[in-house]
Amino acid sequence: MGTSSGLNQEASDEQHRRSEIYTYEAPWHIYAMNWSVRKDKNYRLTISSLLEQYANRVEIVQLDDSTGEIRSDPALSFDHPYPPTKLMFIPDKECQRPDLLASSSDYLRLWQISDGDSTNGRRVELKSLLSNNRSSEYSGALTSFDWNEAEPRRIGTSSIDTTCTIWDIEKEVVDTQLIAHDKEVYDIAWGGVGVFASVSADGSVRVFDLRDKEHSTIIYESSEPDTPLVRLGWNKQDPRYMATIIMDSSKVVVLDIRFPTLPVVELQRHQAGVNAIAWAPHSSCHICTAGDDSQALIWDLSSMGQPVEGGLDPILAYTAGAEIEQLQWSSSQPDWVAIAFSNKLQILRV
């Protein structure tokens, strides 16, 4: 009898753990957000403010597993010029490299996070400010960037000045700068060591190979002319697939790069504009999408080759308290997805 009640207790503990949602309230509206990758920093995330002023804030927060509280570490909060358009921790699961955080706004910045020792406490210090036109007063604002997992010295940025820039962050020099599109570039994603893709206000998804910088391949163009594509996600588990979002559209377009121009599937269950997409880091056929309908939806795309009557339905849906602007799926803890809406960060066990 004792054993069975023990098992029941374990089952209910497990049930409790399975339905976990943790919330953190920031003192401001959250825009950029991302998970830490290092395996020695579980449940650590970074968030930043969206304030219509020069001075913005970045915080590093962590879930305390024992209390169920997400806490900000005041020693690791810092001022940031303008609201960051994106934040990313270094893709270094095995903790081989310095603990770095990158941010994009007017420039690309790298921040070094120090755990502290006997002489100095925990702190964040600006390590690099990367600007490729120091001579000019004007710099094209950065809309996004992506850190190359296969080669972490490389970061690619996208800019409103129609360019993508590939940085060698160790040497702090520009590796390559390409005029990538006819209009503003809104997002960039790596698909391997030397291959990246970008999306633009010109409505196209283009793929670039650094071995042949003169050419790019147009994988998709939005059906209505001059309809901007604003976000791009490249499937890390199956690089044949990528997904993109059309500005102010409630659908997500999934592409197979072997068959350019024609979407493999369109995900059409959001009731308002989609803002964010994240492929599962551990499964080739799952993707999460989130938008202005306050919904985060997880989809199983394993059947995407076959037409589904009436279109595909999500396998999981979560409704947040407001429009979801940001979504990230943790690569080091793939059971967890983070969303940001209004001034709240939530992490959800999936």
Side-chain angles (χ1 to χ4, degrees), residues 24 26 28 30-49 51 54-64 70-132 134 139 141-142 144-159 165-175 188 190 326 328 330-333 338 340 345:
Y24 174 73
W28 21 254
I30 299 170
Y31 183 64
M33 172 271 286
N34 221 324
W35 288 94
S36 179
V37 179
R38 294 170 65 100
K39 64 181 184 188
D40 65 348
K41 300 283 184 198
N42 277 351
Y43 301 110
R44 182 177 72 160
L45 300 102
T46 180
I47 53 173
S48 63
S49 61
L51 302 170
Y54 179 75
N56 274 262
R57 292 289 287 173
V58 175
E59 286 187 358
I60 292 175
V61 301
Q62 196 158 6
L63 172 69
D64 180 336
I70 299 176
R71 293 205 190 97
S72 170
D73 186 337
L76 303 181
S77 300
F78 56 96
D79 283 330
H80 193 284
Y82 304 107
T85 50
K86 187 167 183 180
L87 294 166
M88 268 186 104
F89 286 95
I90 186 166
D92 173 33
K93 202 174 272 185
E94 299 305 321
C95 317
Q96 303 291 312
R97 296 164 183 268
D99 194 6
L100 299 179
L101 174 67
S103 64
S104 53
S105 58
D106 50 346
Y107 302 113
L108 177 66
R109 289 176 176 83
L110 292 173
W111 308 84
Q112 174 122 22
I113 305 160
S114 303
D115 262 345
D117 49 37
S118 51
T119 37
N120 295 301
R122 294 185 315 284
R123 63 198 184 284
V124 177
E125 292 168 316
L126 181 63
K127 180 181 178 290
S128 317
L129 187 152
L130 302 174
S131 155
N132 54 350
R134 286 179 191 273
S139 74
L142 301 179
S144 187
F145 69 94
D146 195 22
W147 208 319
N148 193 316
E149 277 181 30
E151 198 166 7
R153 64 182 176 87
R154 275 187 179 162
I155 288 182
T157 62
S158 55
S159 169
T165 304
I166 309 304
W167 286 93
D168 180 326
I169 61 165
E170 287 172 8
K171 295 181 182 158
E172 301 191 354
V173 294
V174 172
D175 198 43
I188 181 170
W190 289 102
Q326 201 58 259
Q328 299 288 347
S330 171
S331 61
S332 54
Q333 296 172 275
L345 163 71

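Since this is a predicted model, take the numbers as computed values, not measurements. Side chains included, hydrogens not; waters and symmetry mates left out as well; all remaining heavy atoms used.
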- Task: Taking ring pair (Phe, Tyr, Trp, His ring centres under 6.0 Å) as the test, write out the residues that go with F78, two or more places apart.
- Result: W111
- Message: Could you check whether H80 and S48, counting side-chain N and O atoms only, form a donor-acceptor pair closer than 3.5 Å?
- Response: no
- Heavy atoms only: give me the nearest T165-V174 pair and the separation to one decimal. CG2-CG1, 3.8 Å
- Message: Looking at every heavy atom in both Q62 and N42, which two are closest together, and how far apart are they?
- Response: NE2-O, 2.9 Å
- Task: State which residues pass ring pair (Phe, Tyr, Trp, His ring centres under 6.0 Å) with W147; sequence neighbours excluded, sorted by chain then number.
- Result: none
- Note on the structure: Tightest non-hydrogen contact, residues I30 and L345, listed as CD1-N, 3.6 Å
- Message: Checking E172 now: which residues fulfil side-chain contact (heavy atoms from CB on, under 4.5 Å) with it, not counting sequence neighbours?
- Response: K127, S128, L130
- Message: Looking at T46 and N34, would you say the former's side chain and the latter's main chain have a donor-acceptor pair under 3.5 Å?
- Response: no
- S144 and T85: side chain donor to acceptor below 3.5 Å: no
- Non-hydrogen atoms of D146 and I188 that approach each other most closely: CB-O, 3.6 Å
- Before giving the answer on side-chain contact (heavy atoms from CB on, under 4.5 Å), spell out for W167 and T157 the whole-Å C-alpha distance, their side-chain angles and the decisive distance to 0.1 Å. CA-CA 8 Å; W167 286 93; T157 62; 4.1 Å; yes
- Hey, mind stepping through L108 and F145 against side-chain contact (heavy atoms from CB on, under 4.5 Å) and telling me if it holds? CA-CA 8 Å; L108 177 66; F145 69 94; 4.2 Å; yes
- Task: Kindly indicate whether the side chain of V58, heavy atoms from C-beta on, has any atom under 4.5 Å from the side chain of P84.
- Result: yes
- Gap between atom CZ of R109 and atom CG of L129 - 0.5 Å precision: 4.5 Å
- Query: What residues, two or more places apart in sequence or in another chain, satisfy side-chain contact (heavy atoms from CB on, under 4.5 Å) together with S72?
  - Reply: Y24, E59, V61, S77
- Item | Working for side-chain contact (heavy atoms from CB on, under 4.5 Å), residues R44 and I113 | CA-CA 12 Å; R44 182 177 72 160; I113 305 160; 4.1 Å; yes
- Message: Taking the basic N atoms (NZ, or NE/NH1/NH2) and the acidic carboxylate oxygens, is any pair closer than 4.0 Å for D115 and K41?
- Response: yes
- Item | Backbone of D168 reached by a side-chain donor or acceptor of E170 within 3.5 Å | no
- Query: Is a side-chain N or O of N56 found less than 3.5 angstrom from the main chain of L51, in a donor-acceptor match?
  - Reply: yes
- Query: Quick one: CD on E151 to CZ on R153, what's the gap to the nearest 0.5 Å?
  - Reply: 4.0 Å
- Any donor and acceptor pair, going by atom type alone, linking the side chain of S105 with main-chain N or O of P81 inside 3.5 Å? yes
- Answer whether the closest heavy-atom distance between the side chains of I166 and R154 falls below 4.5 Å. yes
- Specify the closest pair of heavy atoms between S103 and L87, including all atoms of both residues, with the distance to one decimal. CB-CD2, 3.6 Å
- Item | Any S332 side-chain heavy atom under 4.5 Å of R38 side chain | no
- Run through L76, D73, D99 and flag the one making a side chain to side chain contact (heavy atoms under 4.5 Å, CB included) with V124. L76
- Excluding sequence neighbours, so at least two apart, what forms ring pair (Phe, Tyr, Trp, His ring centres under 6.0 Å) with Y31? none
- Message: Tell me the closest heavy-atom pair linking I155 and A102, and the distance in Å.
- Response: CD1-CB, 4.1 Å
- side-chain contact (heavy atoms from CB on, under 4.5 Å) between I60 and L45, worked out: CA-CA 6 Å; I60 292 175; L45 300 102; over 6 Å; no
- Calculate, to the nearest 0.5 Å, the distance between atoms CG and OG belonging to L142 and S159 respectively. 5.5 Å
- Item | Side-chain (N148) to main-chain (P152) donor-acceptor, under 3.5 angstrom | no
- Those residues at least two apart in sequence (or on a different chain) that pass ring pair (Phe, Tyr, Trp, His ring centres under 6.0 Å) with W190 are F196
- Query: Roughly how far, to the nearest 0.5 Å, is the CD1 atom of I90 from the CD atom of Q112?
  - Reply: 9.5 Å
